[in-house]
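Encoded as structure tokens, the structure appears first; notes follow it.
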Amino acid sequence: MKVLVPVKRVIDYNVKVRVKPDKSGVDLANVKMSMNPFDEISVEEAVRMKEAGTVTEIVVVSVGPQQAQETLRTSLAMGADRGILIKTDVTVEPLAVAKLLAKVVAEEKPDLVILGKQAIDDDSNQTGQMLAALLDWPQGTFAYKLEKDGDKLKVTREVDGGLQTVSLTLPAVVTVDLRLNEPRYASLPNIMKAKKKEIAEKSPEDYGVDISPRLTVVSVTEPAVRQAGEKVEDVATLVSKLKTAGAV
Amino acid sequence: MAVLVIAEHHHGGLSDATHKVVTAASKFGGDVDILVAGENAGAVAPEAAKVSGVRKVLKAEGETLRKQTAEAMEALVVPLMANYDAVFIAASTTGKNIAPRIAAKLDVMQLSEIIEVVDQDTFVRPIYAGNAIMTVKSSDAKKVITVRGTAFPAAGNDGSATIEDAAAPSGPFKSEFVSEEMVKSDRPELTGAKRVVSGGRALGSSEEFNRLIVPLADKLGAAVGASRAAVDAGYAPNDYQVGQTGKIVAPALYIAIGISGAIQHLAGMKDSKIIVAINKDEEAPIFQVSDYGLVADLFVAVPELTDAL
């Protein structure tokens, strides 16, 4: 089975984001960038499936600026086989990313696409589902467990209040949730090896996809600042304050 | 103008989330219709007809819709959208699963998890787990929107809408429901809970986590949460994690115990109404967002608090 894993370069999850003073967006200058944490889980899952012999090839793809190549290198160091960088310096919305990925799927013909359930920058949670719709493929979102079952893939999903299992006829799209696995750190020898792996450079125009945005950002602001409250002396005072506030 | 709200329902009852989505849809304007699809739709439709401000309820029942799989819901909703300017659905795991599929088929860029309707093209939504708030204007003719329930009040129950049948799509679809395993707990579900008690790394072990956090949560009828550090250390299961990469919660009362307040955790709980922090480090960042901070040894203070309630 061949797997396609899309990955996104985002602000590292430990960085405190700062809104630009002109409210045009979030400041990305001199900020540590990393692979979207959910995408690390997708890469890890693909690599584990390869190690288990279910997967023969893993292709990673990223839509983003030149530096997204580093994100692809990280995936290659984790165990992916080759990369595709669809280079653009503009913000590409999930619908346009899904259209680009649909074209990559048409070329690469994977049996499975595994994506993070959402990127921690725009929190859209759309790309995987949109890709599945564009391809008319079945989808298994928020995956907690994957099991290959002949020409089907059993996906156990994290849903509100529990778990749900669906059986998908391959080819299919899967988006992953946090509990699916613990991504590995790439070892130094694997990082060295990854430098020799191939990354093809493409542009959105190569795929004939119109990536012009449908949404215009009116403003990006800081959330209402929460005022630090008071320190209380002891448990008794805390309880009486909570009772007064109607909280208990 | 007309808006379609896709109802969320469980075990034959309309979920409260639907009432909140109707409020958001009413702010968009025009006639509001509710689509009730799936198992027990017949039983839920009369309840949906009572939601205030609703014109019409569309009821779709059939084997293919039983579990509201995304593929079947897409086949049901996309043709219906010829009659609507927007579709609104709760940003639950069900809504998040279905909505982008509909959006892609309509060639529309979805607006995820909105917290405010400014006008028919402009919406407000959190990004970076709520660390920034974005106002966006959509140029698409039709809108596909998921709604964050905590941001809108629930609509009332004094409506009297008509009920019509909608045909269920005939399958088969390439996705099949196999089974589900719902958590049977007397404790409320973390993301919807009115009270949450969370523990951090300072608890030191899963034994202490269970000995101190769980009884306090039970006393309060609260859900149990944990910081990423506590989860990574194995003190609590992963689905307890509150934070940017875990669950986003906004309960009426949030009690953070032995949690320092890393950015990643704050992102998941800072919209809670009242925040209580118990930590022995008085410099801990959690105290910058807490309404009531208690600088104390949690091993002493927590049992005392549990007893006092």
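To find a chain, count down the sequence lines: A is the first, B the second, and so on, and within it residues start at 1.
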Taking side chain as everything from C-beta outward and backbone as N, CA, C, O, which of these in [X] sits under 4.5 Å from a heavy atom of chain A? Side chain, backbone, both or neither.
| X | value |
| --- | --- |
| B/Ser290 | backbone |
| B/Glu181 | both |
| B/Val118 | neither |
| B/Glu176 | both |
| B/Ile274 | both |
| B/Lys273 | backbone |
| B/Ala252 | neither |
| B/Ile275 | both |
| B/Asp121 | neither |
| B/Thr122 | side chain |

Among A/Ile120, A/Thr156, A/Val239, residue most engaged with chain B (heavy-atom pairs, under 4.5 Å):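 Of A/Ile120, A/Thr156, A/Val239, A/Ile120 has the most heavy-atom pairs under 4.5 Å with chain B.
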Evaluation steps, side-chain hydrogen bond (donor to acceptor under 3.5 Å, both in side chains), between B/Asp291 and A/Gln227: CA-CA 8 Å; B/Asp291 298 282; A/Gln227 297 296 326; over 6 Å; no
Could you check whether any side-chain heavy atom of [X] comes within less than 4.5 Å of a side-chain heavy atom of [Y], counting everything from C-beta outward?
| X | Y | result |
| --- | --- | --- |
| B/Gln288 | A/Val225 | no |
| B/Asn97 | A/Arg157 | yes |
| B/Arg101 | A/Met130 | no |
| B/Met109 | A/Gln126 | yes |
| B/Tyr128 | A/Lys16 | no |
| B/Ile127 | A/Val220 | yes |
| B/Asp107 | A/Lys99 | yes |
| A/Ser219 | B/Met134 | no |

Please find the pair of heavy atoms, one from [X] and one from [Y], that lie closest to each other, and give the distance.
| X | Y | answer |
| --- | --- | --- |
| A/Arg226 | B/Val289 | NE-O, 2.8 Å |
| A/Val19 | B/Ala132 | CG2-CB, 3.9 Å |
| A/Asp136 | B/Lys105 | OD1-NZ, 2.9 Å |

Contacting region of [X] [heavy-atom separation from chain B under 4.5 Å]:
| X | value |
| --- | --- |
| A/Ile11 | side chain |
| A/Ala132 | both |
| A/Val217 | both |
| A/Pro94 | both |
| A/Lys23 | neither |

Derivation of the side-chain contact (heavy atoms from CB on, under 4.5 Å) call for A/Glu230 and B/Phe287: CA-CA 9 Å; A/Glu230 52 185 313; B/Phe287 289 124; over 6 Å; no
Close approach to chain B in residues 171-184 of chain A, criterion heavy atom under 4.5 Å: A/Leu178, A/Arg179
Sorted by number, residues from residues 240-248 of chain A in contact with chain B (heavy atoms, under 4.5 Å):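 So far as heavy atoms go, A/Lys241, A/Leu242, A/Lys243, A/Ala245, A/Ala247, A/Val248 are the residues that approach chain B to under 4.5 Å.
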Neighbour count above 12 (heavy atom, 6.0 Å) for B/Lys219 NZ: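 Yes.
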Residue selection (most heavy-atom pairs with chain A, distance under 4.5 Å) from B/Glu74, B/Lys67, B/Lys270: B/Lys270
Most contacts with chain A, counted as non-hydrogen pairs under 4.5 angstrom, among B/Ile278, B/Leu220, B/Val276: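 Counting heavy-atom pairs under 4.5 Å, the top option is B/Val276.
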Inter-residue atom distance [X].[atom1] - [Y].[atom2], 0.5 Å rounding:
| X | Y | atom1 | atom2 | value |
| --- | --- | --- | --- | --- |
| A/Asp160 | B/Thr93 | CG | OG1 | 3.5 Å |
| B/Ile248 | A/Asp123 | CD1 | CG | 7.0 Å |
| B/Glu180 | A/Leu163 | CD | CG | 10.0 Å |
| B/Gln110 | A/Ser124 | CD | OG | 7.5 Å |
| A/Thr165 | B/Phe177 | OG1 | CZ | 8.0 Å |
| B/Asn238 | A/Tyr144 | CG | OH | 9.5 Å |

Cationic tip of B/Lys96 above A/Phe142 ring, under 6.0 Å, 45° of axis: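 Output no; distance or angle outside limits.
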Side chain B/Ser139, main chain A/Arg214, donor-acceptor under 3.5 Å: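 Looks like yes, one N/O pair under 3.5 Å.
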Pair B/Ile263-A/Val17, side-chain contact (heavy atoms from CB on, under 4.5 Å): steps then yes or no: CA-CA 10 Å; B/Ile263 295 158; A/Val17 297; over 6 Å; no
Please report, to 0.1 Å, the donor-acceptor pairs under 3.5 Å made by any side chain of residues 293-308 of chain B, with sequence neighbours excluded.
residue, atom, partner, partner atom, Å
B/Asp297, OD1, B/Phe299, N, 3.0
B/Thr306, OG1, B/Val302, O, 2.9

Under 3.5 Å side-chain donor-acceptor pair for A/Asn125 and B/Ser112: no
Pair B/Glu71-A/Val166, side-chain contact (heavy atoms from CB on, under 4.5 Å): steps then yes or no: CA-CA 12 Å; B/Glu71 296 78 2; A/Val166 290; over 6 Å; no
Side chain to side chain donor-acceptor pair (under 3.5 Å) partners of A/Thr91, counting only residues at least two apart: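 For A/Thr91, no residue satisfies side chain to side chain donor-acceptor pair (under 3.5 Å) once neighbours in sequence are set aside.
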